[in-house]
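Chain identifiers are assigned alphabetically (A, B, ...) following the order of the sequence lines, protein sequences preceding nucleic acid strands; residue numbering begins at 1 within each chain.
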Amino acid sequence: MSSVNVYSWQYKLREFWSVFRRDRAAIVGLVILAVIVFIAVFADYIAPYNPFARVGRPYEPPSPKHLLGTNDIGQDIFSELIYGARASLFIGFVAAVTATTLGTLVGVSAGYYGRVVDEILMRITDIWLSIPSLLFSIFLAAVIIRTGRLPMYYSVILAIALTSWPPVARLTRSATLSLKERPYIEATLALGASSRRIIFRHILPNIAPIILVEIVVRTGNAMLTEATLSFLGLGDPTVKSWGTILNFAMVKNAPILGLWWWFLPPGLMIAVTVMSVMMVGRGLEIYFNPRLRRY
Amino acid sequence: MLRYFLLSRAIRMLAVFFIIIILNFILPRAMPGNPASILANEYNLPPETVKILVSLWKLDRPLHEQFVAYIESLFTGQWGYSYKYYPRTVYELVMERLPWTLLLQGVTSITVPAFGMLMGILAGWRRGTKYDVAVTISAIIVYAIPYYWLALMFQYVFGYQLRIFPIAHALTPGASYSNFLEYVADVLWHLTLPVLVVTLTAYASYTLVTRNSMVDILEEDFMFVARAKGLPERTLMKHALRNALLPPLTMLAIRLGHIVGGAVITETVFSYPGVGYLIYESIMFKDYPVLNAAFFMLSITVIVANFAADLLYAVVDPRIRYVRRG
């Protein structure tokens, strides 16, 4: 019998897969997500038309030539949808990573340094958490756009990141607190390791699973918020996201004109994508936290 | 202990209130252009007028003096002028819209938790059945559906296909009412779709929490004993509910902001004349004084409502009063 190196990443990956694949919802989510990521990456080859080009008459119903018809200025809605995958995923993911980084920074500092640092940081977190986040992000996005210094989609990313870090801070703080009490950390401290070494070598790798799950779940939430901000007209007009398409559909009264092919597909795409991201996140959470496993 | 709990919550509420006041002061001032010059551009005001406005609004004074003036005006309702509806004041506009928002939010703050908890209770009570699975799955699906998309769908189905509900405004335009009841009926008729949309898209988190807490309680020893004693189902349900409804009630406070957010977006789709729609209009027309004020007012209502929910929770669950930090 050959020996197995349980510390190799191949072994870890295989072990992860053997648990993860038993979770049917997570697998479904992963497959859907993979398809959408594929569409986003290869949008240039998949989309039949340039989404900004006027390629038909306005308000054309679905036909073989335009699978989902055209909008008010004759742009192909099917192509818009495909490019929308790129914008929505990209903005959601970048915003989620930014928010998680910010939250982890605050949470780990508060948990590790304790006392006054903890007190101050957690008070700020609590207060930040009490400000209604959707309203706050709408307000922030509008204000940042007004500076005109950044491309507009950056202001959406910033607005989402600045309003969604507090839960991450709370989570990483409590994880850091419980790690700090472990004997091996105390031993490392007694051996004279610096704070920096303990944080980067021992604490961060141990809370990496939490951070990973947070990034995935935050991505789902951030995509929803991005769609909402774009829907309110705060998105970047030079970028086609699903929220932007819905915004134009609403402004042009698509529902009352009966143009279902204009507003039905983008909403479905948002819902399906967010759901698949959430299912993957849930699967990861179950893998990392065996107590959640119920067979 | 109850006093300690109330005091800590009151302090937090005041801190949040203070932070929002500060943000509302700093952010608009960090941006290029001041209200006087923007107004001058928009309406071609002569330079003398701009000078008068600048000194009237103390824009030429140092920041700390501006801050004092800002705090003063905040509490006296002098919030400046709307760029879009000039010469109407921001205060007038916001106060005119606020009642509609409070109505929509008031109704949905009740329908959302009520509907969500009801679904959760039923699912938890019949845990493991097909009904339970269906409720749980639909709650997860609903979580991912954007409010405004459902609102557009409802406009299409009820306003375009079936034509049974109005799809915009809070009252029938130009209608005259012979009595108060007719007025109320018209208000309710217009309220139906917005309330339905918010309820159907925001209930899910209550359902999931209620269901899980219901399942946990039903597995407790005291429930087992109660069942073994042969107590009737009704009494069992009562025992379970008293305990299982506490977690979703805590959520009431946390999720209020969510419900308000949903109402804001829904107002936009239905052109419902509340503060949310005002926010949308001010974004479209870059009417920043109105945007600031609307954000301020809505945040305040959420914070006050949160505080009220906290109080309610302290009354309902005695345990919370003994936890020093929550």
Side-chain angles (χ1 to χ4, degrees), chain A residues 25 122-124 126-149 220 223-224 227-229 231-234 242-243 246-247 249-251 253-260 262-264 266-268 270-279 282, chain B residues 12-13 15-16 18-20 23-24 27-28 30-33 137 140-157 159-161 167-168 254 256-258 260-262 264-265 268-269 276 279-280 282-284 286 288 291-292 294-296 298-299 301-303 306 325:
Chain A
M122 287 335 277
R123 277 295 126 88
I124 295 175
D126 274 354
I127 292 173
W128 212 259
L129 204 57
S130 307
I131 305 176
S133 64
L134 185 59
L135 279 179
F136 193 23
S137 56
I138 292 171
F139 181 65
L140 270 180
V143 165
I144 302 171
I145 282 174
R146 205 174 133 200
T147 62
R149 293 197 187 102
M223 288 179 67
L224 275 177
T228 307
L229 294 178
F231 178 71
L232 288 175
L234 288 165
W242 293 326
L246 281 175
N247 173 249
M250 175 192 63
V251 171
N253 291 321
I256 324 168
L257 297 172
L259 311 168
W260 56 266
W262 196 358
F263 60 84
L264 182 81
L268 268 187
I270 295 171
V272 168
T273 313
V274 171
M275 224 181 326
S276 65
V277 171
M278 291 298 176
M279 289 194 286
R282 174 86 189 147
Chain B
R12 185 191 292 182
M13 180 177 77
V16 178
F18 187 66
I19 295 286
I20 287 176
L23 281 176
N24 222 9
L27 288 177
M31 305 300 124
I137 290 178
I140 294 169
I141 294 175
V142 155
Y143 179 85
I145 292 181
Y147 307 97
Y148 39 90
W149 181 63
L150 193 72
L152 292 174
M153 297 295 292
F154 272 31
Q155 282 192 329
Y156 176 69
V157 174
Y160 173 76
Q161 295 283 1
I167 54 156
I254 304 169
L256 261 179
H258 203 73
V260 172
V264 165
I265 315 292
T268 304
V269 180
I279 287 185
Y280 175 73
S282 54
I283 290 171
M284 287 288 104
K286 304 199 170 23
Y288 293 108
L291 182 68
N292 290 350
F295 166 71
F296 180 75
L298 276 186
S299 308
T301 56
V302 174
I303 291 160
N306 269 345
R325 219 182 279 162

Non-hydrogen side-chain atoms of Asn247(A) and Leu232(A) separated by less than 4.5 Å: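 Sidechains of Leu232(A) and Asn247(A): no contact.
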
Just say parallel, tilted or perpendicular for the rings of Phe139(A) and Phe295(B), cut-offs at 30° and 60°.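 Parallel: the ring planes of Phe139(A) and Phe295(B) meet at under 30°.
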
Just give me the residue among Ile145(B), Ile167(B), Val302(B), Leu152(B) that pairs up with chain A most often, heavy atom to heavy atom, under 4.5 Å.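 Heavy-atom pair counts peak at Leu152(B).
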
So which of Leu298(B), Ile279(B), Ile303(B), Val142(B) has the biggest tally of heavy-atom pairs under 4.5 Å with chain A?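 Of the options given, most contacts go to Leu298(B).
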
Measure distances from [X] to the heavy atoms of chain B and classify the residue's part below 4.5 Å as side chain, backbone, both or neither.
X: Met278(A); result: side chain
X: Thr228(A); result: both
X: Val277(A); result: neither
X: Leu257(A); result: backbone

As an exercise: rank [options] by heavy-atom pairs under 4.5 Å with chain B and give me the winner.
options: Gly233(A), Gly258(A), Ser130(A); result: Gly258(A)
options: Leu268(A), Val272(A), Val274(A), Thr273(A); result: Leu268(A)
options: Leu140(A), Leu134(A), Leu259(A), Ile127(A); result: Ile127(A)

Is it the case that the side chains of Tyr156(B) and Gln161(B) hold a donor-acceptor pair, with the cut-off being a distance below 3.5 Å and no angle test?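 A donor-acceptor contact under 3.5 Å links the two side chains.
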
So for Leu150(B), is it side chain, backbone, both, or neither that comes closer than 4.5 Å to the heavy atoms of chain A?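 For Leu150(B), neither part sits under 4.5 Å from chain A.
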
Nearest 0.5 angstrom please: [X] [atom1] to [Y] [atom2], how far?
X: Ile283(B); Y: Ile138(A); atom1: CD1; atom2: CD1; result: 6.0 Å
X: Met153(B); Y: Leu264(A); atom1: CE; atom2: CG; result: 4.5 Å
X: Ser137(A); Y: Leu135(A); atom1: OG; atom2: CG; result: 8.0 Å

Is the backbone of Phe263(A) close enough, under 3.5 Å, to the side chain of Trp149(B) for a donor and an acceptor to pair up by distance?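 Flag set: sc Trp149(B) to bb Phe263(A) pair under 3.5 Å.
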
